[in-house]
Amino acid sequence: MKTLIAGNWKMNKTISEAQSFVNEYKTKINVHSNTELLLCVPFTCLHVVSEACKGSNIFVGAQDLFFEESGAFTGAISPKMLLDAGASFVLIGHSERRMIFAETNEDINKKLKIAIKHGLKPVLCVGETLEERESGELFSVLETQLKSAFADISNTDVRQVVVAYEPIWAIGTGKTASSKDADDAHIKVREILTKIYDKDFSDTVRILYGGSVNVNTYAETLSMPNINGVLVGGSSLDPENFAKISDYV
Ligand code: PGA
């Protein structure tokens, strides 16, 4: 299984800033056969970033999509548009989408289905709030999020999906889950996926950790047995920092 090192730029960078990031980043990364690199960029940067990444080992992803094919959905972006702009991955259900944009588990399920239908690889984000963790609800929160996200998605289709465990209290706060806590949560995610699908899937699905990953923490996080990659927000904005993280072997 290849380690996936993914950056999530969120609502940052203009087209020219994105271009100069990729130019610098490309000069600083090495190709490791066991690693895949992914940049999840704003819609407006997808085309230039995917052009700039052609011929490299960097995949390009979007940060959201809408669950309809086309039509009167002002402001929305369809899966076809993402593919056309060069995306091959898409983040789905990021906690900022859930909280700020009121995305429901049902929306997330529809988004997963349409992404899979079009051959986009979804990175499904799940995670608990601090309150939920402290009141012992970690397992049930993850179970609800995963069960509803995967409702009516077949055993074959689900194999396109990557899962990202992102405890909400660790996102953008500088608080990283300890590598042991993160690994334990990944074990729980695998247990739930075994229940929903089977052991073959839960053993082979990539589960990324996200939440304040930085140049000082990524190596320990990635060394944990149940962690198959990282989803990096703040520390993916600087090409030098993100190149360091991307160099993990
Ligand atoms: P962060 O963001 O690394 O800035 O905490 C991670 C994410 O939200 O994907």
Side-chain angles (χ1 to χ4, degrees), residues 3-13 17-18 21 25 36-43 45-46 49 58-65 87 89-103 108 111-112 115 120-130 132-133 138 141-142 145-146 149 161-179 181-183 185-186 189 205-224 227-248:
T3 302
L4 180 60
I5 308 214
N8 173 14
W9 286 357
K10 308 191 180 185
M11 197 174 72
N12 292 293
K13 296 196 193 294
E17 287 164 352
F21 174 102
Y25 177 63
E36 276 177 5
L37 305 176
L38 168 65
L39 294 173
C40 296
V41 306
F43 293 132
C45 298
L46 277 173
V49 170
I58 310 164
F59 291 97
V60 180
Q63 301 169 11
D64 183 37
L65 84 175
F89 282 79
V90 58
L91 299 181
I92 294 181
H94 189 282
S95 60
E96 286 151 16
R97 302 285 327 164
R98 293 177 191 257
M99 289 182 330
I100 305 168
F101 300 97
E103 263 183 30
I108 290 161
K111 290 181 176 193
L112 273 174
L120 282 160
K121 291 201 178 88
V123 179
L124 168 70
C125 304
V126 295
E128 81 290 1
T129 62
L130 191 55
E132 290 164 340
R133 170 171 278 260
L138 174 61
V141 168
L142 293 176
Q145 290 177 348
L146 289 163
V161 178
V162 173
V163 176
Y165 167 66
E166 297 204 304
I168 293 167
W169 48 271
I171 295 179
T173 56
K175 282 189 210 157
T176 323
S178 72
S179 46
D181 280 350
D183 201 63
H186 284 218
V189 171
V205 61
R206 284 189 289 185
I207 308 178
L208 318 182
Y209 170 77
S212 297
V213 173
N214 61 50
V215 284
N216 301 314
T217 61
Y218 75 97
E220 189 181 324
T221 302
L222 284 169
S223 72
M224 301 306 286
I227 299 182
N228 314 113
V230 281
L231 181 54
V232 185
S235 293
S236 72
L237 292 172
D238 173 66
E240 193 161 337
N241 280 341
F242 195 53
K244 272 190 200 143
I245 298 174
S246 306
D247 209 23
Y248 179 81

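Counting starts at 1 for both ligands and their atoms, in listed order.
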Are [X] and [Y] linked by a side-chain donor-acceptor pair shorter than 3.5 Å?
{"X": "W9", "Y": "Q63", "answer": "no"}
{"X": "S235", "Y": "Y218", "answer": "no"}
{"X": "S223", "Y": "E220", "answer": "no"}

Which of the numbered atoms in ligand 1 are under 4.0 angstrom from any heavy atom belonging to [X]?
{"X": "N8", "result": "9 (O)"}
{"X": "G234", "result": "1 (P), 3 (O), 4 (O)"}
{"X": "G211", "result": "5 (O)"}
{"X": "H94", "result": "7 (C), 8 (O), 9 (O)"}

(message) Can you check which of E166, K10, Q63 brings a heavy atom nearest to atom 2 (O) of ligand 1?
(response) K10
Under a heavy-atom criterion of less than 4.0 Å, does [X] contact ligand 1?
{"X": "G172", "value": "yes"}
{"X": "S212", "value": "yes"}
{"X": "A170", "value": "yes"}

(request) Measure the distance from atom 3 (O) of ligand 1 to every protein heavy atom, then report the residue, atom name and distance (to 0.1 Å) of the closest one. (result)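 I find the closest protein heavy atom is G233 N, 2.9 Å.
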(request) In plain terms, say whether E36 and R206 are close enough for a salt bridge, that is, a side-chain N and a carboxylate O under 4.0 Å apart. (result) yes
(request) Using a strict 4.0 Å threshold on nitrogen-to-oxygen distance, state whether R97 and E103 make a salt bridge. (result)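 Result for this pair is yes, salt bridge flagged.
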(request) Check whether any side-chain heavy atom of V41 sits under 4.5 Å from a side-chain heavy atom of N8, and report yes or no. (result)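 V41 does not reach N8 side chain to side chain.
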(message) Classify the ring geometry of F242 against F21: parallel below 30°, tilted from 30° to 60°, perpendicular beyond 60°.
(response)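 Geometry flag for F21 against F242: tilted rings.
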(message) Taking 4.0 Å as the limit for heavy-atom contacts, which would you say applies to I171 with ligand 1: side chain only, backbone only, both, or neither?
(response)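 Contact part for I171 vs ligand 1: both backbone and side chain.
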